[in-house]
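A quick write-up on the structure given underneath.
Note: hydrogens, waters and symmetry copies are ignored here, and every other heavy atom, side chains too, is used. Letters go in sequence order (proteins before strands), and every chain restarts at 1.
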Amino acid sequence: MSICKKTIKETAELLRSKKIGTVELTDEYLNEIRKKNPTINSYVTICNEEAVKAAKASQKILDSGEAVSLLCGIPMGLKDNICTKDIKTTCASNMLKSYIPPYSATVYERLQQEGAVLLGKLNMDEFAMGSSSECTIFGPVRNPWNSEYVAGGSSGGSAASVAANLATFSLGSDTGGSIRQPASFCGIVGLKPTYGRVSRYGLVAFASSLDQIGPMTKDVTDCAIVMNVISGYDNKDSTSVNTSYEDFIEDIDSGIGRLRIGLPLELFNSAMDDDIKGAVISTLRRLESQGAILQDVSLPSILNSVPAYYLISSSEASSNLARYDGIRYGYRNEKAETVSELYRMSRAEGFGGEVKRRVLAGTYALSSGYHDELYNKALKVRTLISNEFSLVYENIDIIAAPVYPTAAFKIGEKVIDPLKMLVSEIFTVGANLAGLPAISVPCGLSKDGLPIGIQLIGKPFSEKLMIRVGYAIEQEMGRLEIGE
Amino acid sequence: MDKKTVRKMADVANIHIDDNELESYVEDMDLIMGYMEQLKNLHTGEAELKEANSLPSNGFREDFPHISPDRDELIKNASVTQDGCFKVPVVVEP
Amino acid sequence: MEYDIVIGLEIHSELKTSSKLLCGCRNEFGGEPNTRCCPVCLGMPGTLPVLNKQALEFAIKAGLAMNCKISEFSKFDRKNYFYPDMPKAYQVTQYDLPICYDGFVDIEVNGETKSIGIERIHLEEDAGKLMHDPDGQSSLIDYNRCGVPLVEIVTKPDLRSPEEAKILVETIKTILEYTGVSDCKMQEGSLRADVNLSVRPKGQKTLGKRTEMKNLNSLRAIQRAAQAEALRQIEVIDKGGAVCQETRRWDENKGESIVMRSKEEAMDYRYFPEPDLLAVEVDDKWVKSIKYSIPELPKSRRNRYISELGIPKYDAQLITMNKKLADIFDRATEVCGNPKLASNWIMTDIMRRMNENGEEILDSFFNGDNFGQALLYLEKGEITHAGTIKVIDGIFETGEGPEGIIDRLGLKIQRDENPIIETCSEVLEANEQALNDYINGKEKAFTFLVGKVMAVLKGRGDPTQVREILLKEIKRASNKNA
């Protein structure tokens with residue numbers, strides 16, 4: 001078996017037993033990337049030299065024999081909206097095509113400290129707006145299971161790189177499902193942490209009150225390993241929460257006992273493909289046979305979650321993206337003769353269509369005539385959704401649901417219908433609106449042989465339980481691996 | 001959403017839209033916002049206007065100055081600079 | 001027709017923190033362009049703000065000093081608009097839940113006390129600075145000031161004349177200086193005001209249409225702009241027109257204002273809660289601890305000067321308007337033991353120096369200690385009035401102590417009679433005409449002769465003693481002549 005197929009845990013053991021060195025390992029990956037990336041298109045920047053340099057440094061740490069992190073020497077990729085000092089961070093946008101950040105995101109600093117090796121930056125929907133990784137200046141990411149299909153989005157490159165064994169793990173960001181949906185489409189594990197669990201410092205903002213960075217890994221154990229490193233308070237992010245340290249690996253295999261799992265009626269009654277529903281239900285039945293108690297629950301306001309999500313995220317985005325004016329960084333229209341022209345033309349030429357639509361929608365929702373009936377109304381729906389989750393959690397431990405109504409769709413199939421793509425996000429946006437942790441774990445294949453994920457949504461800061469349940473599912477259903 | 005509204009929003013957001021692309025923006029925006037505007041008629045009762053992320057209050061920094069990074073590092077991404085300043089076409093006060 | 005003028009002010013004052021509001025860059029005036037900046041205050045992608053606790057406490061302190069209530073719960077909002085001096089294209093400010101609200105400030109107008117309502121005080125960040133490239137084609141941006149903490153103080157429309165507006169700004173400036181939250185250096189733009197003004201026929205209850213005059217950065221500009229705007233509005237109405245609700249810009253050189261934007265062009269700031277900052281909760285205990293840290297404010301200090309030290313009301317008012325001056329007065333009084341002497345010298349000599357050379361002279365070597373010592377020498381009769389001025393000159397010039405200056409310049413009063421008698425007779429011999437004039441009844445001639453003697457004694461003579469001896473000498477001379 002190729003070394004690149006191995007999980008973090010397996011690779012770390014090989015590194016420790018000196019069966020392979022970090023530089024050799026990094027080279028293996030870089031070779032794989034050279035071979036497969038032209039098809040998959042997951043990497044938009046490949047850090048050949050920097051990766052080898054980092055690998056050498058990690059080897060020294062390993063050789064020192066001191067107690068070292070499991071991530072030491074592990075090759076990884078970062079979504080291209082996570083700032084990396086001296087390495088281009090483009091957000092897959094013409095606006096930031098040649099932007100080189102002067103600082104690193106907190107998550108990257110933490111991974112570097114552990115000795116993880118950055119292979120490169122990963123393709124995505126422009127500014128994380130989208131769910132197919134087709135809205136990118138670098139061309140669409142292709143699904144490693146079938147290159148005619150999308151990898152999902154917006155963290156499509158992060159998902160595809162892990163599924164195609166071009167990185168041991170990656171980080172993505174999730175504003176309305178952008179980690180979970182591509183993880184589901186590519187057959188890997190993707191976790192969106194509780195809002196405030198992971199520092200957002202250095203994550204190029206889409207919608208500040210919804211964005212979270214999270215791990216995308218080959219299995220649930222790896223997810224726990226990465227969470228152990230990236231979680232925790234950061235004094236550079238006021239919204240990161242100071243909770244006591246938790247070891248997410250500890251007790252990962254202690255089972256689920258008489259876990260009470262809530263199944264939201266509104267989501268299970270939503271339109272979805274039969275094979276999706278089938279895979280999710282049969283997974284839940286297997287958990288039931290292990291002792292779990294399945295219980296129908298109701299989250300009535302989830303039916304309004306998509307408009308609330310769209311209006312809030314677009315409103316925040318219209319403000320967050322206003323800074324791209326061509327003056328201090330980013331694309332600049334050199335012909336502009338007035339400041340107004342500089343703004344208007346730089347932004348017209350720097351942003352793609354989907355970004356512009358959302359900025360316009362957000363500007364509209366916040367403008368004085370509509371502020372109350374759109375933006376404020378959306379905030380109220382958000383409160384209702386949050387309250388409904390709290391109420392439901394009084395009687396259950398965790399919620400289970402599909403991630404997406406379909407498996408991966410064909411490239412080009414939905415770009416023409418932006419609304420359809422938005423409406424499908426009903427399964428994922430609730431967790432973002434309520435700030436809850438949620439994970440996608442592979443649970444089967446569609447009739448076309450494409451991966452399907454099941455989603456677990458937990459109480460605030462219940463990632464540990466969620467990971468334990470995810471692990472139980474993985475034990476029951478097995479990992480999904482692409483055949484040769 | 002009609003042409004006039006899309007134009008106005010584009011003006012506020014400082015995004016130039018060519019006349020020939022306007023139609024397609026209007027079409028998309030009308031479709032999307034038509035769906036999103038279902039919230040307008042929704043009865044939300046006494047729901048509070050708060051951000052749903054139940055974060056604690058009071059996240060502060062002590063008033064200790066840091067050493068600012070090297071200026072060259074901060075302005076290296078700008079297309080046009082002069083004497084350590086960012087440069088723009090002359091700004092006429094509004 | 002007669003009109004009432006109605007004025008409300010929005011006063012912006014930079015806070016004297018060590019670092020900026022939302023990042024750790026130094027909060028200092030000037031410096032090489034863009035050297036007090038970092039990725040956060042430049043709004044670079046992915047950066048996040050963290051609130052400076054001191055800035056919040058300064059805002060609360062300012063609010064308490066202006067008798068405001070402090071919000072138990074407040075938050076920050078984004079005010080969205082594009083301008084090259086704002087790197088994020090939004091300003092972090094407070095919209096509907098300001099940190100302080102519902103206060104008042106007392107002002108003294110023509111000897112009467114008037115209470116002016118404070119609507120709210122909120123905390124926000126300052127913008128950068130635009131400079132015009134000499135080529136006339138471009139502007140250059142320096143973000144050093146960007147992110148400096150500001151309080152915006154919004155008054156109720158309680159002011160009834162441009163003079164009251166000026167006095168209020170002066171009074172608030174003093175309060176901010178006393179509380180130590182701001183330097184209020186208007187020439188550096190650290191204190192600026194917007195003037196909201198309307199007029200209405202005398203007796204009418206409802207307010208007229210108001211205009212807003214932006215960014216006035218001197219007391220003179222505030223008063224002049226308000227004066228001119230009141231006259232402009234009255235003229236418009238007298239001619240049968242109507243005042244338009246609009247924002248105007250004052251041109252200090254031309255002494256007139258022009259329209260910046262009409263009501264229709266008013267900006268839609270699309271405020272919404274700043275998602276990157278947490279809400280602020282302030283409990284009683286915290287408010288109390290800030291309250292205890294507020295020093296004596298100008299009003300109570302003024303009352304103390306009047307009732308305890310017997311200083312004239314006008315003098316007390318003027319001295320307390322400047323915190324540094326009042327501090328110098330307090331210390332000098334302690335040292336010399338004579339408050340009236342100290343206030344007289346401040347009102348004449350020191351005020352003259354401040355008028356001639358600016359308030360900054362108070363930041364030099366001159367302080368309450370050396371000033372008080374100089375006055376003590378005067379009080380003890382060891383130096384003359386003229387000598388005291390020379391001592392103060394010396395302090396301002398070199399910072400040398402009074403004792404040294406007195407020694408070096410030989411300013412100690414000459415008490416020994418013999419040299420004075422000698423000098424007097426010499427002067428009388430040399431000025432026979434003046435002597436005769438005096439003997440013939442010309443009183444002025446005596447003053448002339450005293451001046452001559454004092455000049456020869458180089459200010460060391462005690463005027464009273466000199467007069468006595470000179471009189472004796474004149475008598476003797478006239479006897480001799482007769």
Side-chain angles (χ1 to χ4, degrees), chain B residues 1 4-17 29 33 36-37 39-40 44 47-94, chain C residues 17-20 22-28 32-39 41-42 44 49-57 73 75 80 82-85 87 89 128 130-133 135-143 247 249 260-261 265 267-268 270 273 275 277-282:
Chain B
M1 255 182 148
K4 207 180 131 205
T5 314
V6 172
R7 267 265 174 257
K8 195 177 163 207
M9 291 309 125
D11 279 345
V12 176
N14 265 309
I15 296 176
H16 171 81
I17 293 183
M29 297 299 299
M33 292 311 282
M36 303 307 164
E37 285 183 352
L39 285 197
K40 278 188 180 174
T44 48
E48 265 184 273
L49 251 186
K50 61 165 190 195
E51 287 173 71
N53 289 321
S54 40
L55 294 170
S57 295
N58 296 0
F60 302 120
R61 183 174 64 73
E62 292 301 325
D63 186 22
F64 301 135
H66 65 205
I67 295 164
S68 298
D70 192 38
R71 181 172 70 186
D72 293 345
E73 186 66 6
L74 293 173
I75 65 174
K76 70 178 181 192
N77 279 288
S79 317
V80 196
T81 58
Q82 182 180 315
D83 306 329
C85 291
F86 299 96
K87 194 172 177 179
V88 291
V90 69
V91 179
V92 217
E93 284 187 60
Chain C
T17 51
S18 306
S19 61
K20 291 184 178 181
L22 303 171
C23 70
C25 287
R26 275 192 185 280
N27 171 15
E28 263 170 30
E32 280 291 299
N34 297 308
T35 53
R36 288 185 191 129
C37 295
C38 71
C41 55
L42 287 181
M44 301 197 93
V50 186
L51 190 67
N52 183 339
K53 191 177 183 187
Q54 181 73 78
L56 180 80
E57 291 189 335
F73 183 90
K75 66 172 172 71
N80 296 286
F82 287 84
Y83 203 66
D85 64 3
L130 288 171
M131 294 162 294
H132 294 291
D133 189 11
D135 73 3
Q137 302 299 303
S138 25
S139 296
L140 301 174
I141 319 169
D142 169 13
Y143 292 109
T247 308
R249 188 174 55 243
M260 257 169 87
R261 48 177 181 265
E265 296 166 309
M267 297 232 237
D268 181 357
R270 292 164 286 129
L277 287 173
L278 300 181
V280 172
E281 282 183 75
V282 183

I would like to know whether C:Val280 and B:Asn58 meet side chain to side chain contact (heavy atoms under 4.5 Å, CB included); could you show each step before the answer? CA-CA 5 Å; C:Val280 172; B:Asn58 296 0; 4.0 Å; yes

To the nearest 0.5 Å, atom CG of B:Leu74 lies from atom CE of C:Met44 at 6.5 Å

Between B:Phe60 and C:Asn52, is there a side-chain heavy-atom distance shorter than 4.5 Å? no

Could you tell me the separation between the CZ atom of C:Phe73 and the OG atom of B:Ser57, rounded to the nearest 0.5 Å? 5.5 Å

Would you mind checking which part of C:Glu265 comes under 4.5 Å of any heavy atom in chain B, side chain (CB onward), backbone (N, CA, C, O), both or neither? neither

Could you have a look at C:Asp142, C:Thr35, C:Asp135 and say which one has the most heavy-atom pairs with chain B under 4.5 angstrom? C:Thr35

Checking side chain to side chain donor-acceptor pair (under 3.5 Å) for the pair B:Asp63/C:Ser19: CA distance, chi angles, key distance, verdict? CA-CA 6 Å; B:Asp63 186 22; C:Ser19 61; 2.6 Å; yes

Between C:Tyr143 and B:Ile75, is any pair of side-chain heavy atoms under 4.5 Å apart? no

Measuring heavy-atom distances to chain B, does C:Leu130 have an atom under 4.5 Å in its side chain, in its backbone, in both, or in neither? side chain

Minimum side-chain heavy-atom gap B:Cys85-C:Met131 below 4.5 Å: yes

Just do the side chain to side chain contact (heavy atoms under 4.5 Å, CB included) check on B:Arg61 and C:Leu51 with the steps written out, would you? CA-CA 6 Å; B:Arg61 183 174 64 73; C:Leu51 190 67; over 6 Å; no

Check whether C:Leu22 gets within reach of chain B through its side chain, its backbone, both or neither, counting any heavy atom under 4.5 Å. backbone

Please classify the contact of B:Val12 with chain C as side chain, backbone, both or neither, using a heavy-atom distance under 4.5 Å. both

Counting heavy-atom pairs under 4.5 Å to chain B, which of C:Cys25, C:Cys41, C:Ala55, C:Gly24 comes out on top? C:Gly24

Smallest separation among heavy atoms of B:Val91 and C:Pro84, with atom names: CG2-CG, 3.9 Å

Below 4.5 Å from any heavy atom of chain B, which atoms of C:Gln137 appear? Answer side chain, backbone, both or neither. backbone

How many angstroms lie between CZ in C:Arg36 and CZ in B:Arg71, if you round to the nearest 0.5 Å? 11.5 Å

Gap between atom CD of B:Gln82 and atom OG of C:Ser139 - 0.5 Å precision: 11.0 Å

Candidate pair C:Cys37 and B:Ser68, rule side chain to side chain contact (heavy atoms under 4.5 Å, CB included), full reasoning: CA-CA 6 Å; C:Cys37 295; B:Ser68 298; 5.8 Å; no

Report which part of B:Phe64 has an atom under 4.5 Å of a heavy atom belonging to chain C: side chain, backbone, both, or neither. backbone

Output the distance between atom CG (C:Asn34) and atom CG (B:Asp83), rounded to the nearest 0.5 Å. 11.0 Å

Counting only heavy atoms not in B:Lys8 (residues, nucleotides, ligands), do more than 12 fall under 6.0 Å from its NZ? no

